[in-house]
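Structure, as structure tokens:
Keep in mind the model is a prediction, meaning the values are calculated, not measured. Per chain, numbering begins at 1; letters A, B, ... match sequence-line order.
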There are 2 protein chains.
Amino acid sequence: MTPHEKEILKKKFGATIQRIRKDKRLTLRQVSASCQLDNSKIAKIEDGKFNVALSTIVELARGLGIAPSLLLAELNQEF
Amino acid sequence: MTPHEKEILKKKFGATIQRIRKDKRLTLRQVSASCQLDNSKIAKIEDGKFNVALSTIVELARGLGIAPSLLLAELNQEF
DNA sequence: AGGCAAATGGCCTAATAAGGCCGCAAATTA
DNA sequence: TAATTTGCGGCCTTATTAGGCCATTTGCCT
């Protein structure tokens with residue numbers, strides 16, 4: 001995976017997180033309150049700044065109230 | 001997520017990777033050849049030693065020839 | 001305009017994953 | 001038995017995430 005591909009992956013994942021959060025009408029603070037992730041960290045993840053770890057993916061899923069695998073569902077086509 | 005929960009998560013994920021690889025009758029070196037991940041690294045991941053990053057999950061999926069979300073499918077019940 | 005709440009960005013430290021090489025013991029196959 | 005393959009463990013350095021706090025700004029509502 002090239003650095004460029006990794007950038008695209010991070011952006012794509014972040015966009016997915018944000019779309020799901022907004023679909024559920026949740027604020028960053030509401031999500032962070034449900035999963036112990038700092039709200040500013042979640043904002044940065046949504047902006048594609050981090051190549052998040054497995055545990056963080058699981059935490060995000062918990063905060064969003066959905067299954068972890070759904071957070072990767074959109075990656076199936078391009079990666 | 002407590003340190004203990006994180007340990008369980010890593011072990012669970014590693015076990016999933018290994019099961020899928022063996023179901024497909026692939027060796028560590030065969031998987032590594034398909035995804036540019038070091039074979040010893042994959043062995044350690046299977047042993048639950050790493051809290052792998054998103055990009056590594058995607059790489060593993062590529063090496064195993066399956067969709068990334070399938071690697072998290074088993075986590076849905078317990079996390 | 002004023003007041004809130006949300007989003008965002010900066011900054012920090014300790015922990016740890018990435019990325020990779022080498023070697024060995026056990027299993028497999030010839 | 002000899003040869004090969006496989007799984008796996010050690011070791012290393014650099015890069016980056018986790019985890020967290022604080023300040024500013026943006027947007028919304030009254």
How many Å lie between [atom1] on [X] and [atom2] on [N], as a whole number?
{"X": "B:F50", "N": "D:dT16", "atom1": "CZ", "atom2": "P", "value": "17 Å"}
{"X": "B:L28", "N": "D:dG7", "atom1": "CG", "atom2": "P", "value": "4 Å"}
{"X": "B:R25", "N": "D:dT6", "atom1": "CZ", "atom2": "P", "value": "15 Å"}
{"X": "B:L54", "N": "D:dA18", "atom1": "CG", "atom2": "P", "value": "10 Å"}
{"X": "A:K41", "N": "D:dA18", "atom1": "NZ", "atom2": "C1'", "value": "4 Å"}
{"X": "A:I42", "N": "D:dT17", "atom1": "CD1", "atom2": "C1'", "value": "15 Å"}
{"X": "A:I17", "N": "C:dA7", "atom1": "CD1", "atom2": "C1'", "value": "17 Å"}
{"X": "B:Q36", "N": "C:dG20", "atom1": "CD", "atom2": "C1'", "value": "12 Å"}

Would you indicate what [X] reaches in the nucleic acid, counting non-hydrogen atoms under 4.0 angstrom: base, sugar-phosphate, or nothing?
{"X": "A:T56", "answer": "sugar-phosphate"}
{"X": "A:T27", "answer": "sugar-phosphate"}
{"X": "B:N39", "answer": "base"}

Of B:Q30 and B:D47, the one whose closest nucleotide on DNA chain D sits nearer the 5' end is B:Q30
Between B:I57 and B:D38, which residue's closest nucleotide on DNA chain C lies nearer the 5′ terminus?
B:I57
Short side-chain N/O contact to [N] OP1/OP2 from [X], under 4.0 Å:
{"X": "B:R29", "N": "D:dC8", "value": "no"}
{"X": "B:K6", "N": "D:dG19", "value": "yes"}
{"X": "B:Q18", "N": "D:dC8", "value": "yes"}

Using the side-chain heavy atoms of A:K44, tell me which of these nucleotides is nearest: D:dA18, D:dC8, C:dC11.
C:dC11
From C:dT8, D:dC8, D:dA18, pick the nucleotide closest to the side chain of B:S40?
D:dC8
Separation of A:M1 CE from B:L37 CG (nearest 0.5 Å)
9.5 Å
Quick check for you: to the nearest 0.5 Å, what is the distance between A:L71 atom CG and A:I17 atom CD1?
4.5 Å
I would like to know whether B:L54 and A:K6 meet side-chain contact (heavy atoms from CB on, under 4.5 Å); could you show each step before the answer?
CA-CA 9 Å; B:L54 173 62; A:K6 192 179 279 189; over 6 Å; no
Please evaluate the base of C:dG9 for a donor-acceptor partner in the side chain of A:K49 within a cut-off of under 3.5 Å?
no
Do other residues, nucleotides or ligands put more than 12 heavy atoms under 6.0 Å from the CD atom of A:Q36?
no
Check: A:L64 main-chain N/O paired with A:K24 side-chain donor or acceptor under 3.5 Å:
yes
